[in-house]
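The analysis underlying the following values was restricted to heavy atoms, covering all of them including side chains, and did not include hydrogens, waters or symmetry mates.
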Amino acid sequence: MSRLGECVSRSILAGFYVGLMLFLAASGRGLAAEPYKIGAVFSITGGASFLGEPEKKTAEMIRDEINKQGGINGHPIELIMLDDETDPTKANLAVKKLVKEVPVIIGPSTSGTSLAVVGVAEEANVPLISCAASHKIVTPIESRKWIFKVAGSDSHVVGKMFEHMKKQGIQKIGIMTVSDGFGASGREELLRLAPENGITVVADERYGPQDTDLSAQLTKIRTSQPQAIVNWSTGPTQILAVKNWRDLGMDSIPLYQSHGFGNRKNIQLAGKGAEGVRLPLARVNIGPLLADDHPQKKVIMEYTKAYEAQFKEPVSSFGGHAWDSMHLAMAALKAVGPDAAKIRDFLENTKGFVGQHGTFNFSAQDHNGLSKEDLEMVVVKDGDWALAK
Amino acid sequence: MTRKDWRIFLLTALLIAAFPWMVQPVKAVSHYVDVMVFAGIFALVCLGVTMLMGYAGQVSMAQAAFFGIGAYTSAILTGRFALDPWLAMPAGASLAALVAWVVGIPALRLKGHYLAMATLGFGVIVHIILNEEVEWTGGPSGMADLPGLHVLGWKLSTELAWYYFVWGTVFLALLFCFHVLHSRVGRALRAIHEEESAAEAMGVPTARYKVQVFVLSAVLAAVAGSLYTHFVTCLNPSSFNLMWSIRFILMVMVGGMQSLWGALLGTVLMTFVGNEWLHVFAEFEILVYGAILLVVALFLPKGLVSLFTRKPIVHNA
């Protein structure tokens, strides 16, 4: 055979094989249903990695679990997860990328990164379920048609705290807040809600997230003679607040912490000093303490057991946010399929959805769906949480 | 500009103009247009850094602060006072210029790295102000729902529109910088960079020129900040901290300090490295940055542009 002939026959053969492969690939695709895509943006690394880590683990755990059970209506879930490294610019880019591919997005993890992306999701008409707290994420509702959030607002936490104070007859408080997004938002709500609850803020101290001593703030607060102290921060400063409060012998003035303290590691770090510290906490952290007939008991215990068995670490509020957002997205996909507009409408009309952080009742006016009743007041007792009286 | 520069200019402009049409059809890289918008915004800052560092031989650790001054001035004036963005932008630039002038005059009269020290402190101060002045800046959680930008009555609503607008601005700034470098001022700057005492002996008012370049770099950074505000439509102080000032310097060093083309190349490359390609390294990103810097400093002290040319691209005019 001539060389040209050989070349031609080989080409035909190659073409035949390629055609066959394409046919097989296409038919193979027809067998398994098209996967349902869910986009996720979490701060898996960077400053807020303590939020993103458990969120990532939880979302992946749920995906594997559902896919093992055969997916949603036969469609496996494909989770497209991106790490924003706790950087607003990167979060913005990540969501811009996702809105082109997925019908629903969960995350980001922090208020800062969430606020950096709400505009993108809104413009692209893709529903986004944020895992962060700031009320600005879902208000004003006119420009947040496509945005939802599963983390309770700071106003709920403050409301629960003030409710407990009123029961204890506390009227004068001193507050100390960290100067980052978390602390600033807490301070705003504390100052805003105090008057209507008949509480006077007699001292208002701030400190930096890197500060290594808070005695100065506590001493100043002591001079204004409050009946209780509220500390609002995350990370090492909330341990410092406990230690300095003990060292200064101020334990006669009860110390309230924000829900940021709601991690068992904090009790271990603060040691015996943490005894008696009070804080409002989401129920996901205290599954075993709930009464058996509590509506959330079942879902919380299931999640707690699965998570702790797989990752050998206690559950946290943050993983709970990922659970709530993931299950809301899945419920929407199950009901209406991968259609962004229908998912949005489904989410907005969801009522009585029992999750890790409460029973969600969304409405056209409220894209958070939680209230202060979804929190429990707890106190540190014998190195563990206990329900506060 | 020399003829060679013009040729590079046209080639680069063509490449930039064609870029979206090359990447958009490919789904996996179609979002590169977004990344390039950020790269363009950062490139404006880096042009200023090159002028200051590569030509005047001064290091500023506060470029992110000027970037922030521009961004927050635009955000506050348009968001809180409903001022037109096109009026807010020059306001931000003027504020940055004024601040740079005040910081620069005492620091640049002295020889040595006093500007680096002064700006190091100044950058931290600006970041603290952005964090603490909650009433004005929204504090650590920042500001959201800021207005977009209209150009000649058209709203820049797509990434593509933003892409061409931002890169158009970059090329205008580039032309301006070339113009400055090939004027008396540019020659004086290079003389300062080579040997300050000699320049002074030749009658070059070194302090004045250094301050002028510093002000120019601050203005470029502030304009970039304004664009950033209207593109992202939300702000957060963490985008304007010391780390970002260092990143800008790094971008310029990787590209090639003594070439405006180097600034562009370095910025685009490092923006992609930081936002796209190094994502896998996550927390170790800073180590990778360090490694890149080390490799460049050891083997390519004149930056990546030195790969393309044997001599520095900008000749004495």
- salt bridge (charged side-chain N to carboxylate O under 4.0 Å, His left out) assessment of B/Asp145 paired with A/Arg144: CA-CA 10 Å; B/Asp145 301 303; A/Arg144 299 287 192 271; 2.8 Å; yes

- What option among A/Ser111, A/Ser179, A/Gly112 has the most heavy-atom pairs under 4.5 Å with chain B? A/Ser179

- Task: Please look at B/Val37 and chain A and tell me whether the side chain, the backbone, both or neither of the residue comes under 4.5 angstrom of a heavy atom of that chain.
- Result: neither

- Query: For A/Arg206, is it the side chain, the backbone, both or neither that has a heavy atom under 4.5 Å from a heavy atom of chain B?
  - Reply: side chain

- Query: Who among A/Leu93, A/Thr86, A/Asn92, A/Thr110 has the most heavy-atom pairs with chain B under 4.5 Å?
  - Reply: A/Leu93

- Note on the structure: Taken in chain and number order and not counting sequence neighbours, the residues that satisfy ring-ring contact (aromatic ring centres under 6.0 Å, His included) with B/Tyr164 are none

- Note on the structure: Answer key: most heavy-atom pairs under 4.5 Å with chain B among A/Ser185, A/Ala116, A/Gly119, A/Ala184 is A/Ala116

- Query: Can you say whether the rings of B/Phe240 and B/Tyr72 are parallel (under 30°), tilted (30 to 60°) or perpendicular (over 60°)?
  - Reply: perpendicular

- Any idea which of B/Asn131, B/Val232, B/Leu146, B/Thr233 has the most non-hydrogen atom pairs under 4.5 angstrom with chain A? B/Val232

- Ionic contact status for A/Lys97 with B/Asp34, cut-off 4.0 Å: no

- Item | Heavy-atom proximity to chain B below 4.5 Å, by part of A/Thr89 | both

- Item | Residues that A/Ile80 engages under side-chain contact (heavy atoms from CB on, under 4.5 Å), provided they are two or more places apart | A/Lys37, A/Glu78, A/Leu98, A/Glu101, A/Val102

- Message: With a 4.5 angstrom heavy-atom cut-off, is it the side chain or the backbone of A/Glu122 that approaches chain B, or both, or neither?
- Response: neither

- Anything under 30° is parallel, anything over 60° is perpendicular, the rest tilted; go ahead and classify B/Trp244 against B/Phe42. tilted

